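Contents: one structure, followed by commentary.
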Amino acid sequence: MEFRQLRYFVTVAEELHFGRAAERLHIVQPAVSQQIRRLERELGVELFDRSPRCVTLTGAGIRFLPEARAVLAAAARARAAVRTARSAAPASLRLGTSAGLGDHLDRLMGRIALPRALRPSASW
């Protein structure tokens, strides 16, 4: 089971139309149908009743929909947590130099007003 399949399933369930779901997902309709069929094969149930005029959720589809939404919501929360942690990480500045600069580098770094968090903890 893939997140993509769950996203496609939820979109078709909301639209109750494969073509409109495909438009909303910005993909072609056969790709949506194919992924839904793969999901149904994996689960061993049909999630939709398909007729030429309408698409409806089966009993299994009705039971699966809130669970699929919960999985997608949990994945979104996990992505948001990582983004928050990444943006909260302290900034660092790394300098590379040759050994030939010696005292010149020390004097230069002494002239730069660095925030305490960026000041070197050891001698250059």
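Treat the numbers as computed from the prediction; the structure is a model and nothing was measured.
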- Answer whether the closest heavy-atom distance between the side chains of Phe18 and Thr11 falls below 4.5 Å. no
- State, with a plain yes or no, whether a side-chain heavy atom of Arg38 is found less than 4.5 Å away from one of Glu2. no
- Query: Linking I/L/V/M/F/W/Y whenever their side-chain heavy atoms sit closer than 4.5 Å, directly or via other members, would Val28 and Val12 fall into one cluster?
  - Reply: no
- Note on the structure: On a heavy-atom basis, the closest approach of Gly19 and His17 is N-ND1, 3.1 Å
- Task: Evaluate the criterion side chain to side chain contact (heavy atoms under 4.5 Å, CB included) for residue pair Gln29 and Glu23; output intermediate values, then yes/no.
- Result: CA-CA 8 Å; Gln29 184 270 327; Glu23 286 177 22; over 6 Å; no
- Note on the structure: Separation between CD (Gln35) and CD (Gln5), nearest 0.5 Å, reads 5.0 Å
- Interatomic spacing from CG in Leu57 to CG in Leu16 - rounded to 0.5 Å: 6.0 Å
- Query: Side chains of Ile36 and Arg50: closer than 4.5 Å at any heavy-atom pair?
  - Reply: yes
- Query: Is Arg24 paired with Glu14 through a side-chain N to carboxylate O contact shorter than 4.0 Å?
  - Reply: yes
- Electrostatic pair Glu40-Arg37, nearest N-O below 4.0 angstrom: yes
- Report the C-alpha distance between Thr58 and Val45 in whole Å, list the side-chain angles of each, state the deciding distance to 0.1 Å, and finish with yes or no for side chain to side chain contact (heavy atoms under 4.5 Å, CB included). CA-CA 9 Å; Thr58 63; Val45 296; over 6 Å; no
- Task: For the pair Leu6 and Phe64, evaluate side chain to side chain contact (heavy atoms under 4.5 Å, CB included) and give the outcome as yes or no after the intermediate values.
- Result: CA-CA 10 Å; Leu6 295 177; Phe64 188 61; 3.5 Å; yes
- Task: Just do the side chain to side chain contact (heavy atoms under 4.5 Å, CB included) check on Ile27 and Tyr8 with the steps written out, would you?
- Result: CA-CA 10 Å; Ile27 59 173; Tyr8 291 7; 3.3 Å; yes
- Query: In terms of ring plane angle, is the pair Phe9 and Phe48 parallel, tilted or perpendicular, where the classes change at 30° and 60°?
  - Reply: tilted
- Query: Which value, rounded to the nearest 0.5 Å, describes the distance between Leu39 atom CG and Glu46 atom CD?
  - Reply: 12.0 Å
- Task: Kindly say whether Arg20 contributes a backbone atom to a donor-acceptor pair with the side chain of Glu15 at under 3.5 angstrom?
- Result: no
